[in-house]
Amino acid sequence: AQKVTQAQTEISVVEKEDVTLDCVYETRDTTYYLFWYKQPPSGELVFLIRRNSFDEQNEISGRYSWNFQKSTSSFNFTITASQVVDSAVYFCALSDLRPGGGNKLTFGTGTQLKVEL
Amino acid sequence: DAGITQSPRHKVTETGTPVTLRCHQTENHRYMYWYRQDPGHGLRLIHYSYGVKDTDKGEVSDGYSVSRSKTEDFLLTLESATSSQTSVYFCAAHETLGGGYTFGSGTRLTVV
């Protein structure tokens, strides 16, 4: 069975601090995708990034960066110089690409990030 | 983006009544999903569809049924609502395997 663990339930930081959100996953598949979604207080789910299992290069997008390490089954998300607008719940998710699996996403329980002035 | 619309956005219903939530997409995506979001559980899959009239159960399907008679519409029905089904329901869609989901805005359902 697939599983995603986000052990950090809530993180509070002061604006301009860097913060890393942890994601650990379990799967027996050799091919899979990992995702991060953001859910701001307004409630919608916003896609941030997709990473396939064959690409372990780190990715940077502005203040956001992602560190994918297959050896430790982790896909961590770092926000540099956090801002109040980063306050949200962040979800990590793992896809099921098995035949007949319907490409279902398994989500972690989310990390609530609070960025304060 | 799939252009997903969920209706209603909010609903309060009584225990034992049937409820249908609607998800409509405008991009002709093949795959559609219903998730529920509850504190401490993240998002959990209820049912999904991989084509018209092709549906399957997710991890929390008890008490729910779905139908997909057209590509663009995916309906979630609670046959007899219970208080444990109070939740926020999200619909999602995508086209390709491994593709990122696009989510609707969610439906907040309260069963009293």
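Protein chains get the first letters and strands the later ones, always in sequence-line order, with residue 1 at the start of each. Quantities reported herein were computed from a predicted structural model and do not represent experimental measurements. We use all heavy atoms of the structure for the numbers below, so side chains are in, but hydrogens, waters and symmetry mates are not.
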- Task: Identify the heavy atoms of B/Leu45 and A/Lys104 that sit nearest to each other, and give their distance.
- Result: CD2-CD, 3.0 Å
- Query: Do other residues, nucleotides or ligands put more than 12 heavy atoms under 6.0 Å from A/Lys16 NZ?
  - Reply: no
- Show the numbers, then the answer: is there a side-chain contact (heavy atoms from CB on, under 4.5 Å) between A/Leu45 and B/Tyr35? CA-CA 12 Å; A/Leu45 286 154; B/Tyr35 284 83; over 6 Å; no
- Message: I'd like to know if A/Tyr33 and A/Ile49 are part of one continuous hydrophobic network [Ile/Leu/Val/Met/Phe/Trp/Tyr, side-chain heavy atoms within less than 4.5 Å].
- Response: no
- Quick one: pull up OH in B/Tyr31 and CG in A/Leu105 and give me the separation to the nearest 0.5 Å. 12.5 Å
- Query: Under a 4.5 Å cut-off applied to non-hydrogen side-chain atoms, are A/Phe91 and B/Leu43 in contact?
  - Reply: yes
- Query: Using non-hydrogen atoms only, which part of A/Tyr37 is less than 4.5 Å away from chain B: side chain, backbone, both, or neither?
  - Reply: side chain
- Message: Tell me whether B/Glu14 at atom CD has more than 12 heavy atoms from other residues, nucleotides or ligands lying less than 6.0 Å away.
- Response: no
- Is there a path of hydrophobic side-chain contacts, each under 4.5 Å between heavy atoms of I, L, V, M, F, W or Y residues, that connects B/Val60 with B/Val111? yes
- Contact origin within A/Gln39 toward chain B - heavy atom pairs under 4.5 Å: side chain
- Item | Main-chain N/O of A/Asn103 paired with B/Tyr50 side-chain donor or acceptor, under 3.5 Å | no
- Side-chain heavy atoms under 4.5 angstrom apart, residues restricted to Ile, Leu, Val, Met, Phe, Trp, Tyr: same cluster for B/Ile4 and B/Phe74? no
- Task: State whether the number of non-hydrogen atoms from other residues, nucleotides or ligands found under 6.0 Å of A/Arg51 atom CZ is greater than 12.
- Result: yes
- Message: Taking side chain as everything from C-beta outward and backbone as N, CA, C, O, which of these in B/Gln37 sits under 4.5 Å from a heavy atom of chain A? Side chain, backbone, both or neither.
- Response: side chain
- Message: Is there a continuous path of hydrophobic side-chain contacts, each under 4.5 Å between heavy atoms, that joins B/Phe90 to A/Phe47?
- Response: yes
- Tell me, with the steps shown, if B/Tyr101 and A/Phe35 meet side-chain contact (heavy atoms from CB on, under 4.5 Å). CA-CA 9 Å; B/Tyr101 288 13; A/Phe35 301 81; 6.0 Å; no
